[in-house]
Asks: 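Right, I'll just put the structure down here and ask away after.
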Amino acid sequence: MKHETNQYRSLEYCIFTVIFGLLLLLPTTAHSQSVSNKFIDALIYGKPEIIDYVNKKELANSQRLGIQYNGVKNKFHIGNDIPEEIKAGIKNGKYKYEITEKPLEDFYTEVTFKVPDANYSKVFYFNDGFVTSSTYISRNWEKIESKYFSFSIQEPKYFNDYCTKRLDQFVDMVADTLGFTISEKRILEKEKIGYVFCSDENEVKNITGFSAKGMAMLGTDEVVSSYQTNFHEVAHILINFKLKNLGLYTLPFFMEGFAVAMGGRGGMAPRVVTDLGYYLQKTGFLTYDSILTNDAFYSQDANMTYAVSGLYNSFLLSELGGEKYLEMYKKMNGDLEFVRALNDCINFLPKEDKYSEYLNDYSNDKIIYVNPVDTVKPIFMLRGINGTFAVTDDYIKFFVVNKYKIGFPDLKLNPEYSSRKYFELFGEGNYDSYKYMIFSAHDNISVYDLYNDELIFSYDKGLSIRPVDFPSYEGFYMFFLRKKIFDVDFENNSVLIDGAFR
């Protein structure tokens, strides 16, 4: 009897041990399975406890720069929300939704939210709570930091120290323009702007959900871009950082105009974009006063509206200065309903004659000119090269045919760096750390900085108020370009021209 009792107790103990072990596992499993459901439910119904289902590091990261958007309860929602019409349809019973979970490596979970009747789906990632797509997708990318940026780099061979230097210099330039305090610059140094550098546009879409070459992610104060130095998107974050508390929307004429005036657009330097704006404004094809409202701006081609607004905002920054410009910018900022209703902003702008003066000065600041009777000869000419040059005062006289590449052996560049623009333009061959590429035909010129793949100057005879024909010398087109568009001294550095030393 005693033996049977001991057996019974032993069996009872084993059963208890198994059940207790299962109970220890159940809360974790149930919790991990329900966090996504709770998060999405809170997202749909606007429940304040949603922050309980967000990864704590992600929450802190979203708040690190101190930027707050009026009317936005949770900043990390921005760019990670479900469309209002979908949420409304779920609330009123029009739509049903489905949630599926897929375990991933490194303790992540991919959660797919679907509304079949609306043909809508969205992917969320979780790891100890909700995390952004950029956090998950770039988790194993190379991480580096500069003075003002924290980088996640998908393909390191397409990035280099020159890019970090240029981005930091851009922050300092914008900070000076807008009057950042020492304290504000120290916050940027400590907390950093995020920069997620993707190897192509497909990865940008994978992270942001949008087909774009770059985006400023306002919920996390980071730039996601396929460009090494997307100054345009960085400019959006910097002006919001300076304003601190603002609405989520700004009249696009000013929002995009500011970013173009300071940082250009999509791999193009500011002057490249605003030169097009000058042509459109002067010919009357598209004028600044025709795109001041939200609807008018978005009803036209973005290539034109960005160019015209960029030119006018460069005028405003010059005319008003940083402090007064910010005051005016904030008047154009608010919620979406407010911005859509704005139709009197012309009353806040300087008098028309001031802009006319600015356009005259802009036109006189010649980046390019030709002189058919100029007798300056190139420093040397070799058979088979596509170009050479001669330095004259504030300009460099170029002799170019087709694609002409220029290198500077004394410049230190990451040896493994490879320019995507170079291979796009040449198709094959060795990159060899060339700094500039100048393409010239009979009626157009393009100048690229291959260290960050940026178009730094462009001329098209068909888009010029005063079109010129390029004179030729021994089959080479001749033209003068201002030294200021180049950041290398052509006179005091060894120069490689199409593989030949100067």
Side-chain angles (χ1 to χ4, degrees), residues 35-36 38-84 86-87 111 113 122-138 148-150 152 171 178 180 183-184 187-196 204 207-210 212 214-225 230 233-250 255 258-259 326 329-330 332-339:
V35 164
S36 60
K38 290 178 179 179
F39 174 85
I40 291 173
D41 179 73
L43 195 59
I44 293 168
Y45 292 96
K47 296 179 179 180
E49 60 264 30
I50 191 171
I51 61 172
D52 296 335
Y53 315 125
V54 178
N55 180 287
K56 297 301 181 282
K57 288 183 179 179
E58 293 284 281
L59 199 59
N61 183 61
S62 178
Q63 299 166 349
R64 73 189 186 284
L65 296 186
I67 306 172
Q68 297 293 327
Y69 296 98
N70 303 326
V72 177
K73 293 179 182 178
N74 296 296
K75 188 175 170 227
F76 64 84
H77 273 177
I78 304 171
N80 298 301
D81 208 347
I82 298 168
E84 288 300 324
I86 299 294
K87 291 193 286 188
V111 176
F113 169 81
K122 186 175 179 64
V123 173
F124 298 92
Y125 296 97
F126 290 81
N127 184 344
D128 263 345
F130 166 79
V131 298
T132 64
S133 296
S134 65
T135 293
Y136 170 71
I137 292 172
S138 70
Y148 297 117
F149 291 88
S150 177
S152 295
V171 172
L178 298 182
F180 280 30
S183 176
E184 287 169 336
I187 290 172
L188 287 179
E189 286 187 50
K190 178 177 182 293
E191 302 296 343
K192 314 291 185 188
I193 297 168
Y195 201 104
V196 182
V204 175
I207 292 174
T208 67
F210 294 92
M215 287 186 67
M217 308 301 287
L218 303 186
T220 50
D221 302 318
E222 66 183 352
V223 170
V224 179
S225 180
N230 198 323
E233 302 302 339
V234 174
H236 285 313
I237 291 176
L238 289 174
I239 195 167
N240 290 0
F241 173 70
K242 179 59 182 178
L243 292 172
K244 297 290 189 296
N245 295 288
L246 67 158
L248 191 55
Y249 298 89
T250 303
M255 179 179 69
F258 170 78
L326 286 169
Y329 188 94
K330 198 159 188 179
M332 311 302 164
N333 173 267
D335 60 25
L336 185 57
E337 183 179 353
F338 171 79
V339 168

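No hydrogens, no waters, no symmetry mates; every other heavy atom, side chains included, goes into these values.
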Asks: Rounded to the nearest 0.5 Å, what separates atom CG in Leu243 from atom CD in Gln68?
Replies: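 The CD atom of Gln68 is 13.5 Å from CG of Leu243, to the nearest 0.5 Å.
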Asks: Mind checking what makes side-chain hydrogen bond (donor to acceptor under 3.5 Å, both in side chains) contact with Thr220, not counting sequence neighbours?
Replies: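 Glu222.
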Asks: With sequence neighbours left out, what residues match Tyr195 under ring-ring contact (aromatic ring centres under 6.0 Å, His included)?
Replies: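 Testing Tyr195 for ring-ring contact (aromatic ring centres under 6.0 Å, His included), a comparison that skips the adjacent residues, returns Phe151.
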Asks: What closest approach, in Å, do Gly129 and Val35 show between heavy atoms, and which atom pair accounts for it?
Replies: CA-CG1, 4.3 Å
Asks: Name the residue from Asn245, Asn240, Asn333 that meets the side chain to side chain donor-acceptor pair (under 3.5 Å) definition with Tyr69.
Replies: Asn240
Asks: Quick one: ring-ring contact (aromatic ring centres under 6.0 Å, His included) partners of Phe241, sequence neighbours excluded?
Replies: Phe180
Asks: Enter the distance from Leu246:CG to Ile239:CD1 here, rounded to the nearest 0.5 Å.
Replies: 9.0 Å
Asks: Run the side-chain hydrogen bond (donor to acceptor under 3.5 Å, both in side chains) test against Asn55 and tell me which residues pass, sequence neighbours left out.
Replies: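 Expected list: none.
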Asks: Answer whether the closest heavy-atom distance between the side chains of Lys73 and Ile50 falls below 4.5 Å.
Replies: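 Result no, sub-4.5 Å side-chain heavy-atom pair not found.
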Asks: Is the Phe39 to Phe130 ring centre distance short of 6.0 Å?
Replies: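 Yes, the ring of Phe39 comes within the 6.0 Å limit of the ring of Phe130, centre to centre.
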Asks: I'd like to know if the side chain of Ser62 reaches the main chain of Gly219, judged simply by a donor and an acceptor atom lying under 3.5 Å from each other, with no hydrogens or angles considered.
Replies: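 Yes; at least one donor-acceptor contact below 3.5 Å.
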Asks: Please evaluate residues Met332 and Val339 with respect to the criterion side-chain contact (heavy atoms from CB on, under 4.5 Å), reporting the C-alpha separation (whole Å), side-chain torsions for both, the decisive distance (0.1 Å), and the verdict.
Replies: CA-CA 7 Å; Met332 311 302 164; Val339 168; over 6 Å; no
Asks: Glu49: what forms a salt bridge (Lys or Arg N to Asp or Glu O under 4.0 Å) with it, not counting sequence neighbours?
Replies: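 Salt bridge (Lys or Arg N to Asp or Glu O under 4.0 Å) check on Glu49 returns nothing, list empty.
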Asks: Taking atom CG of Asn74 as the centre, report whether more than 12 heavy atoms of other residues, nucleotides or ligands fall under 6.0 Å from it.
Replies: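 Buried by this count: over 12 neighbours within 6.0 Å.
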Asks: Taking NZ, NE, NH1 and NH2 as the nitrogens, is one of them in Lys38 or Asp52 under 4.0 Å from a carboxylate oxygen of the other?
Replies: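 So Lys38 does not pair with Asp52 through a salt bridge.
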Asks: Which heavy atom of Lys87 sits nearest to which heavy atom of Leu43, and what is that distance?
Replies: CD-O, 3.5 Å
Asks: Between Val223 and Met217, does the side-chain contact (heavy atoms from CB on, under 4.5 Å) criterion hold? Intermediate values first, please.
Replies: CA-CA 6 Å; Val223 170; Met217 308 301 287; over 6 Å; no
Asks: With sequence neighbours left out, write down each residue that passes side-chain hydrogen bond (donor to acceptor under 3.5 Å, both in side chains) with Tyr148, or none if nothing qualifies.
Replies: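 Expected list: Asp172.
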Asks: Roughly how far, to the nearest 0.5 Å, is CZ of Phe76 from CD of Gln63?
Replies: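 Between atom CD of Gln63 and atom CZ of Phe76 there are 9.0 Å.
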Asks: What closest approach, in Å, do Ile67 and Lys75 show between heavy atoms, and which atom pair accounts for it?
Replies: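 Nearest pair, atom of Ile67 first, then Lys75: O-CD, 3.3 Å.
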Asks: Closest heavy-atom contact between Ile237 and Ala216?
Replies: CG1-CB, 4.1 Å
Asks: Would you call Asn70 and Leu248 a side-chain contact if the rule is heavy atoms closer than 4.5 Å?
Replies: no
Asks: Rounded at 0.5 Å granularity, tell me how far OG1 in Thr135 sits from CG in Asn127.
Replies: 10.0 Å
Asks: Lys47: which residues meet the salt bridge (Lys or Arg N to Asp or Glu O under 4.0 Å) condition with it, sequence neighbours left out?
Replies: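 Here the qualifying residues are Asp41.
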Asks: Tyr136: which residues meet the ring-ring contact (aromatic ring centres under 6.0 Å, His included) condition with it, sequence neighbours left out?
Replies: Tyr108, Tyr125
Asks: Among residues at least two apart in sequence or on other chains, which ones pass salt bridge (Lys or Arg N to Asp or Glu O under 4.0 Å) with Asp335?
Replies: none
Asks: Rounded to the nearest 0.5 Å, how far apart are CG of Leu238 and CD of Glu233?
Replies: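 Nearest 0.5 Å value for the CG-CD distance: 11.5 Å.
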Asks: Who are the salt bridge (Lys or Arg N to Asp or Glu O under 4.0 Å) partners of Lys192, not counting sequence neighbours?
Replies: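 Counting only residues at least two positions away or on another chain, Lys192 forms no salt bridge (Lys or Arg N to Asp or Glu O under 4.0 Å).
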Asks: For Ala235 and Phe258, work out which heavy atoms get closest and say how close.
Replies: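 So the two residues come closest at O-CE2, 3.6 Å.
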Asks: Does the pair Leu59 and Ile51 meet the rule for a side-chain contact (heavy atoms from CB on, under 4.5 Å), with working shown?
Replies: CA-CA 8 Å; Leu59 199 59; Ile51 61 172; 4.3 Å; yes
Asks: Who passes ring-ring contact (aromatic ring centres under 6.0 Å, His included) against Tyr249, sequence neighbours left out?
Replies: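 For Tyr249, no residue satisfies ring-ring contact (aromatic ring centres under 6.0 Å, His included) once neighbours in sequence are set aside.
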Asks: Can you name the side-chain hydrogen bond (donor to acceptor under 3.5 Å, both in side chains) partners of Thr208, sequence neighbours left out?
Replies: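 Residues passing side-chain hydrogen bond (donor to acceptor under 3.5 Å, both in side chains) with Thr208: none at all.
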Asks: Would you compute the distance between atom OG of Ser133 and atom CG of Asn80 and round it to the nearest 0.5 angstrom?
Replies: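 Ser133 atom OG to Asn80 atom CG measures 6.5 Å (nearest 0.5 Å).
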Asks: Looking at Lys56, I'd like to know if its NZ atom is crowded, meaning that more than 12 non-hydrogen atoms belonging to other residues, nucleotides or ligands lie closer than 6.0 Å.
Replies: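 Buried by this count: over 12 neighbours within 6.0 Å.
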Asks: Passes side-chain contact (heavy atoms from CB on, under 4.5 Å), Ile44 versus Ile82? Steps please.
Replies: CA-CA 7 Å; Ile44 293 168; Ile82 298 168; 4.1 Å; yes
Asks: Asp221 and Ile193: which non-hydrogen atoms are nearest, and at how many Å?
Replies: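 Looking at all heavy atoms of both residues, the shortest contact is O-CG2, 3.8 Å.
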